[in-house]
Each structure stands twice: as structure tokens, then as C-alpha cells.
Amino acid sequence: MKFSLGLFLLLCCVPVSFGSSLRCYKCEDYTGGHCSVQQVCSYEDACLYLHEKGGKTIRRCIRYTDCDNSRLSQKFPAISEYTYRCCNTDLCNSGPATAASTSLLYLLPVLSGLWSCMISQ
């Protein structure tokens, strides 16, 4: 009985984490602070966090294939020195530190339920 409940929870959570579009923060500012504007990306996009040394921070959707140094240099020719990060989980471009994956957060209760089922048998 416990195992079937864990399997049911797993099947319920999987469509929630994989069936929705990617959402990214979208803003350009000089403070690098919190951004609250969100945008929905296409299926071939990733979230970009780009910080110009001593300058502005850019957050937005970007094609995943454009997430490398040479393509970013072409897209942002006015920015000479920067650090960047591309990621593919909802709102993961909030800042330079890696945010927790929302799909992992959905799966934690399921995994703990399965673990408790396996221990009790």
C-alpha cells in the first residue's frame, strides 16, 4: 500500500515539473539587486544572468545555443568584461549563486516517501 502511494505521488509530480514553460527574470540594472519582472521563454531558451564588471546586470531569456563567450560577445558588443551564467530551471537567473531547482523541490517529498517505503519493508 505504501509503495503504491509513493508511485502515485511520483506520477502526479512528474507532469508538474516537466510540463510547463521555462520562466526567467527579465531586467537590466546597475545595482545587481533583486529583479521581479518575469518572462516566459520558448522551448529552446535558457535563462541568462550576465554581469558586466563595474557595470550593469542583465537577466533575460536567451537561446541556449547562444550561451557561450563568443556568441555573447557578439550579442553584447558594448560590454567588454563580464561574467555570465545560463541555466534552465524556473527563475534560476536571480543572481550569481545557483538557485535550487524547482523540479528537485517537487521530487523531494516523493523521494522521501519512497525511501520510507523501502525502509519499512
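The model shown is predicted, which means the values in this text are computed figures rather than measured ones.
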Across all chains, not counting sequence neighbours, the salt bridge (charged side-chain N to carboxylate O under 4.0 Å, His left out) partners of D66 are R71, K75
Using the test salt bridge (charged side-chain N to carboxylate O under 4.0 Å, His left out), find all partners of R23 that sit at least two apart in sequence or belong to another chain.
-> D90
To the nearest 0.5 angstrom, please state how far the CZ atom of R59 sits from the SG atom of C92.
-> 11.5 Å
Report yes or no: is the SG-SG distance between C27 and C35 under 2.5 Å?
-> yes
Would you tell me whether C24 and C47 have their SG atoms within less than 2.5 Å of each other?
-> yes
side-chain hydrogen bond (donor to acceptor under 3.5 Å, both in side chains) with Q39: which residues, sequence neighbours excluded?
->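 Expected list: none.
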Quick one: list whatever passes side-chain hydrogen bond (donor to acceptor under 3.5 Å, both in side chains) with D68, sequence neighbours left out.
->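 With sequence neighbours excluded, D68 shows a side-chain hydrogen bond (donor to acceptor under 3.5 Å, both in side chains) to S70, given in chain and number order.
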Does some side-chain heavy atom of D29 sit less than 4.5 Å from a side-chain heavy atom of K56?
-> no
Does V37 reach the side chain of Y25, with side-chain heavy atoms less than 4.5 Å apart?
-> no
For R85 against S94, the heavy-atom pair lying closest together |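 Nearest heavy atoms, R85 then S94: NH2-N, 4.5 Å.
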Where is the tightest heavy-atom contact between S21 and C41, given as atom of each residue plus distance?
->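 For S21 and C41, the tightest heavy-atom pair comes out as CB-O, 4.2 Å.
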List the steps, then state whether side-chain hydrogen bond (donor to acceptor under 3.5 Å, both in side chains) holds for T57 with H51.
-> CA-CA 4 Å; T57 299; H51 179 72; 2.7 Å; yes
Hydrophobic cluster mates of Y84, side-chain heavy atoms under 4.5 angstrom, ILVMFWY only, any path?
-> L48, L50, I58, I62, L72, F76, I79, Y82
Who else is in Y30's hydrophobic cluster (ILVMFWY, side-chain heavy atoms under 4.5 Å, direct or via others)?
->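 In the cluster with Y30 there is nothing else; it is isolated.
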Sorted by first residue and then second, give each salt bridge (charged side-chain N to carboxylate O under 4.0 Å, His left out) pair with at least one member in residues 33-47; sequence neighbours left out.
->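 Non-adjacent pairs meeting salt bridge (charged side-chain N to carboxylate O under 4.0 Å, His left out): E44-R63.
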